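Note sheet for the following structure.
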Amino acid sequence: MNMTSIALCRRSIFIGGAVTAAMTALASVSAPTSTLADEPPEDYVDQTLKLDLFSCDISELAAKKAVHPVVYKFAELESEEAQAIAGLLLKADASAPQRPDTLSQSVETLKRMDPGPAFDLAYIEHQIDNHKSLLKVQKREVDDVSRQGVQKTVATVLVPLIASHLDMLRTAHTDLAF
């Protein structure tokens, strides 16, 4: 078993625990859902959903087009995880936001690419950029001491998860670039 396989296995275990913890936090909140949406500013939820749903969409595409086994496996796991996170936020009374043009263009670019090493590398590069942005959003939420609630719990759980994704993506990028 190579380091990438170990990282993906570790990631699967961590994802399950993270989603379970977040769902437990959501289930234990007794406030009506309309007040949940007011706890953090809407931009946190909107930004998280925009980036998360983008990641889900390009990962579903990569699960069909990737040729490198590590890229394929990451795409499968990322798609499942992104769906779980989006589901969690949507259960907290969020609505799916409009996708920014830049992300829409990225999806279209990946759709037009043929399967192969160039697609795999482009997918990984988009995921690295997306995960950097997502990590920034989550850290901002965690660092804001005035905020409490489900979204802060979700952000707290996501920070180490996203950081580990970035490590895996950078490793995959290095492997693909050579």
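The structure displayed is predicted, hence computed values, not measured ones.
Between Gln47 and Arg140, the side chains place a donor N or O and an acceptor N or O closer than 3.5 Å (distance only, hydrogens not considered). There is a side-chain donor-acceptor pair under 3.5 Å between Gln127 and Ser59. Residues Gln83 and Glu60 bring a donor and an acceptor atom of their side chains to less than 3.5 Å of each other.
Closest approach of Asp52 and Ala82 over heavy atoms only: OD2-O, 2.6 Å. Residue Ile58 comes nearest to Tyr123 through the heavy atom pair O-CE1, 3.6 Å, listed as atom of the first residue, atom of the second, then distance.
Residues Lys50 and Leu53 fail the side-chain proximity criterion, which asks for heavy atoms closer than 4.5 Å. Residues Tyr44 and Lys152 fail the side-chain proximity criterion, which asks for heavy atoms closer than 4.5 Å.
Here the CE-CG distance, from Met113 to Leu121, works out to 8.0 Å after rounding to the nearest 0.5 Å. In this structure, Lys136 NZ and Ile162 CD1 are separated by 13.5 Å, a value rounded to the nearest 0.5 Å. Distance check, rounded to the nearest 0.5 Å: CD1 of Ile85 to CD of Glu81 gives 4.5 Å. Here the CD1-CG distance, from Ile124 to Asp129, works out to 11.5 Å after rounding to the nearest 0.5 Å. Here the NE2 atom belonging to His165 is positioned 9.5 Å from the CG atom belonging to Leu134, to the nearest 0.5 angstrom. Here CG of Leu61 is found 9.5 Å from CD of Glu108. Values are rounded to the nearest 0.5 Å.
Of the residues listed (Leu158, Val157, Thr156), the one engaging Val154 in a side chain to side chain contact (heavy atoms under 4.5 Å, CB included) is Leu158, and it is the only one.
Ion pairing of Asp120 with Lys65 is absent here, as no side-chain N (NZ or NE/NH1/NH2) approaches a carboxylate O to less than 4.0 Å.
Checked by atom type and distance alone, the side chain of Ser55 never pairs as donor or acceptor with a backbone atom of Leu51 at under 3.5 Å. Remark: side-chain polar atoms of Ser164 are paired, donor with acceptor, to backbone N or O of Leu161 under 3.5 angstrom. With hydrogens and angles ignored, the 3.5 Å screen pairs no side-chain donor or acceptor of Asp46 with any backbone N or O of Pro97.
Classified by interplanar angle (parallel below 30°, tilted 30° to 60°, perpendicular above 60°), the ring pair Phe74/His131 is tilted.
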